[in-house]
Colleague: 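Here you go, one structure.
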Amino acid sequence: MSRLLILPLLLALALSPGCQEANRARAGKTADAGERREYAIVIHGGAGVILRDNLEPEKEKEITAALNAALDIGEGILRAGGSSRDAVEQTIMSLEDSPLFNAGRGAVFTHEGKNELDASFMDGATRSAGAVGGLSTVKNPIRAARAVMEKSEHVLLTGKGAEAFAAEQGLEIVPPDYFFTQERWDALQRALEAEKKKSGALPVSPENKYGTVGCVALDKAGNIVAGTSTGGMTNKRYNRFGDVPLIGAGTYANNTTCGVSCTGHGEYFIRYAVAYDVHALMEYKGLTLQEATDFIIHEKLLQAGGKGGLVALDSRGNIAMPFNTPGMYRGFARPGERQVKIFED
Ligand code: ASP
């Protein structure tokens, strides 16, 4: 029987009231199954139409090196007994600082030719969370998201207020043109051209390549933290936010189940509460991380027309990195294991 039929059947069974106890038992079993890894870290650098034929070998090498460098930073922190909060923040900062990804330096341009950056951060131990939207002058939006979580009583700050808060916290402020890259500027020009011909669909991403970055880490103390950072989608306007600054859509973490960071067409990830849905399927239905993430990305989201992927890990350090686009920049590290990939195989 195809996966298309099995998973809905599995869900229908799990939904029946008579199965509640079995679900709970199953959930418990899932939580206990397998050897608990000392630590684990998983990252993405965006999903989309990334085709082997279109990706020059030199660029592929650069991207692979940047993903490995980011993993080195996060894994180093975790191996030394550091916190998943630090691992996620530092790993994402290194991806934000690279012009190769659509986050921090290298962010895509809005319709008006600006960069408006979003990020979020969530701690699975306490369920505390922080997020920022529409930043144009904060060098590392992920640091601002963490600061909102740790230093404010709020969850989501946006625009000028968020920038003032970040400055008060002593975070590095840069001129808006710090985020300029020629490649993203050219992508905006192509989008504007395409829009002229089509009359106004928005937001468009003509490259069909999303490029957001994200990281989830499990530290030696068993704490899961997830973070995501993005420039959003090329040619966005009207102060559009995608899923990234919305906790439960682009980012979620709960020590009892999993941590999740998403990338893709944000409007779908918002409407399907994708990151939270992974947690919910594990908590309420007892699905494994792999079952939950496969169902959401390959069935639910795909059937709705939502393109993208996610990276996730559970409380034992199991890892899932599903995507329904041709490629997704991704990788993970656990004791004695390292993988970085772009395409399916
Ligand atoms: N999800 C992001 C957004 O919609 C885009 C991405 O993943 O690259 O803003």
Side-chain angles (χ1 to χ4, degrees), residues 42-50 63 66-67 92 95-96 98-111 114-121 131-136 141-142 145 156 158 179 181 183-184 187-188 191 201-216 226-252 260-278 296-297 301 304-312 321-330 342:
V42 61
I43 61 173
H44 69 77
V49 182
I50 309 163
I63 288 167
L67 293 171
I92 291 184
L95 295 167
E96 286 178 338
S98 163
L100 294 170
F101 305 100
N102 171 21
R105 192 160 159 256
V108 298
F109 284 91
T110 66
H111 186 72
K114 295 183 182 153
N115 305 104
E116 292 177 355
L117 291 77
D118 310 328
S120 56
F121 197 90
V132 287
L135 303 183
S136 299
I142 197 66
L156 173 59
T158 64
F179 298 105
T181 56
E183 202 180 317
R184 301 296 189 194
L188 173 65
L202 89 131
V204 293
S205 180
E207 320 285 282
N208 282 320
K209 200 164 54 187
Y210 301 108
T212 289
V213 307
C215 176
V216 189
T228 313
S229 180
T230 190
M233 288 172 80
T234 303
N235 197 24
K236 65 183 183 180
R237 64 183 106 171
Y238 308 124
N239 298 117
R240 174 262 187 194
F241 292 142
D243 56 317
V244 171
L246 302 181
I247 297 298
T251 303
Y252 197 74
V260 183
S261 170
C262 301
T263 174
H265 195 151
E267 279 69 8
Y268 287 87
F269 284 72
I270 295 171
R271 291 193 279 119
Y272 287 83
V274 168
Y276 179 80
D277 208 17
V278 176
I296 291 166
I297 295 298
L301 212 52
K307 296 285 170 55
L310 58 81
V311 297
M321 307 185 290
F323 53 98
N324 62 28
T325 48
M328 181 169 82
Y329 302 137
R330 64 198 187 281
I342 298 177

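All values derive from a computational prediction rather than experimental measurement. Counting starts at 1 for both ligands and their atoms, in listed order.
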Colleague: How about V132 and I142: do any of their side-chain heavy atoms sit closer than 4.5 Å?
Modeller: no
Colleague: At the 4.0 Å heavy-atom cut-off, does R240 count as touching ligand 1?
Modeller: yes
Colleague: If we ignore angles and hydrogens, is there a donor and acceptor under 3.5 Å between the side chains of S229 and E96?
Modeller: yes
Colleague: Any N or O of M233 that comes nearer than 3.5 Å to an N or O of ligand 1?
Modeller: no
Colleague: Under 3.5 Å between any N/O of E267 and any N/O of ligand 1: does that happen in this structure?
Modeller: no
Colleague: Quick one: does M321's side chain get under 4.5 Å of M328's, heavy atoms only?
Modeller: yes
Colleague: Determine whether T234 and R184 make a side-chain contact, defined as any pair of heavy atoms from C-beta on separated by less than 4.5 Å.
Modeller: no
Colleague: Please examine the side chains of D118 and F241, heavy atoms only from C-beta on, and report whether any two atoms are closer than 4.5 Å.
Modeller: yes
Colleague: Under 3.5 Å between any N/O of T212 and any N/O of ligand 1: does that happen in this structure?
Modeller: yes
Colleague: Using 30° and 60° as the class limits, which term best fits the ring planes of H265 and Y268: parallel, tilted or perpendicular?
Modeller: perpendicular
Colleague: For ligand 1, which atoms have a heavy atom of G211 less than 4.0 angstrom away?
Modeller: 8 (O)
Colleague: Would you check whether G46 reaches within less than 4.0 Å of ligand 1, judged by its heavy atoms?
Modeller: no
Colleague: Using a 4.0 Å cutoff against the non-hydrogen atoms of T263, which atoms of ligand 1 qualify?
Modeller: 6 (C), 7 (O), 8 (O)
Colleague: Below a 4.0 angstrom heavy-atom separation, can you tell me which part of K307, side chain or backbone, both or neither, approaches ligand 1?
Modeller: neither
Colleague: Side chains of T228 and C262: closer than 4.5 Å at any heavy-atom pair?
Modeller: no
Colleague: Given G242, G264, G232, which has its nearest heavy atom closest to atom 2 (C) of ligand 1?
Modeller: G264
Colleague: Kindly identify the option in D243, D118, V244, T230 whose heavy atom sits closest to atom 3 (C) of ligand 1.
Modeller: D243
